[in-house]
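Working notes, structure below.
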Amino acid sequence: GMTTKKTMEKDEENLRKFSSAPVNPGTLTPSSISPSLIAIDDIPNNVMSMEQLKLLPSEFVSHEDPSRPLRHIDDDGQVLTYALRPMWYSVYFILLVELMERFCFYGINYTQTAYLTGVYDPDWNADLTAVEAASFVAICITIAYTSPFVGAALADSTSLGDYGTILLGCVGFYLPGLTVLCFTTIPSSNGEPFNTMALALGVLFLWPMGTGIVKSVVNVFGAKQFHPLVQSALIETYYVNFYMCINVGALLGGILIPIIAQFKITIAYAIPLLVLSLGTAIFLFGSTRYVQPKPRGDMFLNNKNNTEKKKLVKNNTSTNNDLSISAVAKVCLLLVPFNIAYSQMSTTFIIQGTVMNKAYGVLDAASMNNADTLSVLWFGYWIGSVLYPWLSKQQIKFQTTQKFALGSFMGVLALAWSLLVDYMIHQKYQNFLLLSSTNDTITNTSPDISPQISVLWQIPSYTLIGVGEIFAVSSAYEVAFMVAPPAKKALASAVNLFFIGGLPNIICLFLYQNCSAWFENANGRASIHTIGTYAEAHVYRYFALLLGIAMLGVIVNILPPVTNWVQNMEDKAANAIKTPKLSSAATLQQQQQQRRRWREEEERNNDNGESLSCNNNNSKENTPLLVIVKQQETKIEQYQNYLEYGTGPLLHKSGSMRAGPFLKKTNPTALKRQQQYTKLQYYQQKKRKNRQQEQQHILLAPPQTKSNKNNNNKTPLHRAREAPY
């Protein structure tokens with residue numbers, strides 16, 4: 001009895017070192033061990049029914065709220081409860097607000113350049129030149145892609161948390177910004193002349209700050225509604241739905257707002273205000289259903305608990321030190337050339353499209369941005385459903401830098417096509433001038449109303465940018481999320497957003513100012529929204545410069561040192577997965593195996609009449625504690641297989657401010673095979689659980705002596721059930 005008590009106390013002490021959940025003395029049983037140490041690979045990861053719930057260990061079950069029967073204790077000791085079907089319990093509120101937010105953002109972003117230059121209302125506008133409007137939009141997007149740092153800090157390091165940060169972004173910044181922007185479209189509403197200060201307040205501060213704060217948190221908050229262990233497979237489905245909501249919102253906003261703006265810009269900008277107000281109300285309606293973990297307060301500095309845990313981890317120290325936010329920044333830096341090309345969709349592509357004929361009378365340059373959205377949806381499906389599975393079957397490893405290089409090459413092709421379109425615009429205008437000089441009926445016709453080519457010629461540029469997003473931007477998010485330290489995922493998301501839209505637009509702003517002469521007409525004014533003035537400018541030189549920058553991105557990403565470095569970072573992330581708990585678990589497993597050997601040796605000695613003394617200091621103690629875990633090497637091998645072959649779920653961030661990483665859509669045949677495999681897992685889990693219970697009873701049984709040799713004809717399970725505890 002004394003030896004068992006001492007051993008129990010030692011086991012309790014070992015468990016406290018790596019388990020944040022408190023362990024009460026005297027109540028330590030196999031069912032009360034931390035879930036990460038009890039057959040973690042055998043626990044199902046797609047629990048969403050009562051039948052599956054009954055098979056779970058008691059650690060994962062909560063009896064407080066019938067609607068949220070799943071329980072989880074995080075590293076800080078917080079007890080959180082989850083619904084069996086979170087997608088329909090709480091997540092759809094988050095998906096709706098994301099859809100409406102993307103509707104507002106892209107509806108305004110696509111029409112902003114044309115609004116500032118007076119295309120929609122020649123009598124009431126900011127009267128900005130092409131360079132000024134492009135610079136204005138670049139500053140706005142830079143702030144929108146930089147403000148996620150503010151959202152990440154508020155969510156991870158203050159009492160607001162994810163929920164409060166989303167509300168602050170919507171109510172405190174986004175809605176006021178849309179209100180100010182809408183009022184600037186009403187003539188004389190803010191005095192005469194046009195109030196540029198009010199425009200700057202709404203477009204350069206309130207609106208971009210709101211969208212950045214919301215964007216950095218909303219996708220992570222939705223993923224937190226799922227149990228991190230027993231519902232980890234369902235998170236992949238969540239990101240598929242999240243991705244679809246992003247693109248549906250962007251597509252609807254990109255179609256409706258530009259068309260309405262051609263008739264009444266005030267009504268066009270009032271619609272996003274009403275839509276986001278509705279989205280905020282929907283988000284508030286689901287407040288009582290959200291899982292809201294408390295902020296850990298360790299975005300920039302690790303808290304006390306994490307510091308103590310790091311001291312317990314003696315191995316893989318150098319690996320963990322190499323995985324930092326600086327490594328995330330270095331990886332994301334490789335995509336800056338492509339993101340510079342991506343940023344042209346809301347600036348120079350719009351400037352070029354304003355001097356082209358509308359398609360079908362309503363599709364203008366702003367509407368062409370929808371070609372990018374459709375390209376991501378269409379080609380993303382085929383790449384995710386056909387190309388990647390085929391490469392996996394052929395055992396072809398498509399490395400991250402190869403995806404970066406291919407995405408950058410798509411940007412090169414998009415800019416090359418823009419150069420071709422620019423040549424077609426000039427050629428058309430030159431032919432018109434030549435015709436007008438020989439035809440009296442056209443001599444008096446103004447060049448400003450000269451025949452123009454159709455705006456549909458811009459579709460290939462937007463399409464190629466969309467294909468580049470699939471390969472480059474989504475891959476950058478996956479690598480950034482994987483390489484980032486576990487406690488700094490929100491910060492890593494903010495860093496990635498900054499390199500997607502913040503730094504590229506800062507570079508574009510610098511290029512606009514230094515290349516402004518290329519956007520000037522014959523009078524030295526950068527007002528080129530008519531075909532005559534545009535033909536006098538040299539915008540094609542700017543496109544040629546951007547093409548060279550994008551080509552530089554291709555060359556850098558195919559360099560062997562760069563490829564090897566990124567691959568090395570991925571390998572380090574694979575080796576560092578769950579190392580703190582795995583190292584502790586492996587230590588306990590070694591101790592348990594040693595104790596089993598001592599017990600077997602004691603039983604053999606008892607059979608021969610040679611009893612070992614329990615009071616001997618050199619003898620080892622027995623314990624009834626059974627800890628079933630996998631070896632650390634198995635874990636690392638499984639994660640490396642995921643990196644190589646793409647099997648298994650992994651959390652993803654959204655791939656850009658509009659489009660996230662495309663996740664493969666399962667076809668009916670594959671879904672049927674998956675259901676059969678899940679059913680097989682169900683029966684294997686049930687059989688494994690029965691075997692574990694039998695092993696527990698065997699270990700709890702007293703050592704066999706001569707007095708109970710007559711029980712040899714009984715099964716081990718019978719002997720264990722008849723033995724006293």
Side-chain angles (χ1 to χ4, degrees), residues 109-120 122 125-146 193-194 196-197 199-200 203-204 208 336-356 365-366 411 414-426 429 447-448 452 458 461 465 501-552:
N109 184 52
Y110 290 167
T111 57
Q112 196 173 356
T113 301
Y115 169 59
L116 296 175
T117 55
V119 173
Y120 294 132
N125 56 77
D127 194 25
L128 300 183
T129 64
V131 173
E132 292 172 343
S135 301
F136 198 92
V137 175
I139 295 173
C140 174
I141 302 302
T142 299
I143 297 174
Y145 279 87
T146 306
F194 188 91
T196 55
M197 292 299 296
L199 179 68
V203 178
L204 296 184
V336 169
F338 169 78
N339 290 325
I340 291 176
Y342 175 83
S343 301
Q344 306 311 309
M345 292 193 301
S346 58
T347 54
T348 53
F349 285 4
I350 299 294
I351 294 174
Q352 185 187 67
T354 54
V355 300
M356 303 171 72
L415 293 170
W417 185 264
S418 297
L419 270 173
L420 178 61
V421 171
D422 199 89
Y423 172 78
M424 295 171 61
I425 292 174
H426 284 78
Y429 181 69
D448 291 345
Q452 305 154 335
Q458 283 192 317
S461 294
I465 291 291
L503 182 59
N505 278 279
I506 293 175
I507 297 175
C508 289
L509 183 62
F510 173 79
L511 294 176
Y512 293 144
Q513 300 302 320
N514 289 273
C515 303
S516 58
W518 296 344
F519 293 86
E520 295 177 355
N521 55 25
N523 298 325
R525 176 174 168 78
S527 178
I528 53 174
H529 60 276
T530 61
I531 182 62
T533 55
Y534 185 88
E536 297 171 352
H538 305 281
V539 181
Y540 61 89
R541 296 179 181 176
Y542 184 75
F543 285 130
L545 176 62
L546 296 178
L547 189 148
I549 295 175
M551 182 60 69
L552 178 63

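- Residues Asn109 and Ser346 share a closest heavy-atom pair of ND2-CB, 3.8 Å.
- Shown here are the side chain to side chain contact (heavy atoms under 4.5 Å, CB included) partners of Ser343, two or more places apart in sequence or in another chain: Pro504, Asn505, Cys508.
- In this structure, the ring pair (Phe, Tyr, Trp, His ring centres under 6.0 Å) partners of Phe349, at least two apart in sequence or on a different chain, are Tyr462.
- Considering CD1 of Ile507 and CG of Leu546, their distance stands at 11.0 Å, rounded to 0.5 Å.
- Gln352 approaches Ser418 most closely through the heavy-atom pair NE2-O, 3.2 Å.
- In terms of heavy atoms, Ala126 sits closest to Leu199 at CB-CD2, 4.1 Å.
- In this structure a side-chain-to-backbone donor-acceptor pair under 3.5 Å is present from Ser461 to Ala414.
- In this view, Ala133 and Thr113, Leu116, Thr117, Leu128 satisfy the side chain to side chain contact (heavy atoms under 4.5 Å, CB included) rule, not counting sequence neighbours.
- The heavy-atom pair separating Ile465 from Met345 by the smallest distance is CG2-SD, 3.7 Å.
- With sequence neighbours excluded, the residues that form a side-chain hydrogen bond (donor to acceptor under 3.5 Å, both in side chains) with Asp422 are His426, Tyr534.
- Considering every non-hydrogen atom in both Tyr512 and Ala138, the closest pair reads CE1-CB, 4.1 Å.
- Ser135 contributes atom OG, which lies 12.5 Å from atom CZ of Phe510 (distance to the nearest 0.5 angstrom).
- By the side chain to side chain contact (heavy atoms under 4.5 Å, CB included) test, Thr146 pairs with Thr142, Phe149, Phe498, sequence neighbours left out.
- Legend: residues meeting side chain to side chain contact (heavy atoms under 4.5 Å, CB included) with Leu420, ordered by chain and number and at least two apart, are Trp417, Met424.
- Nearest heavy atom pair, residue Glu132 against residue Asp127, reads OE1-O, 4.4 Å.
- Distance check: Tyr110 OH to Ile350 CD1 gives 9.0 Å after rounding to the nearest 0.5 Å.
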Distance-only criterion, 3.5 Å: show the donor-acceptor pairs between side-chain atoms of residues 535-544 and protein atoms not counting sequence neighbours.
residue : atom : partner : partner atom : Å
Glu536  : OE1  : Ala522  : N            : 3.0
His538  : ND1  : Tyr540  : OH           : 3.4

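- With rounding to the nearest 0.5 angstrom, the CD1 atom of Ile549 is 5.0 Å from the CG atom of Leu511.
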| field | Stepwise side-chain contact (heavy atoms from CB on, under 4.5 Å) test for Val355 and Ile528 | value | CA-CA 8 Å; Val355 300; Ile528 53 174; over 6 Å; no

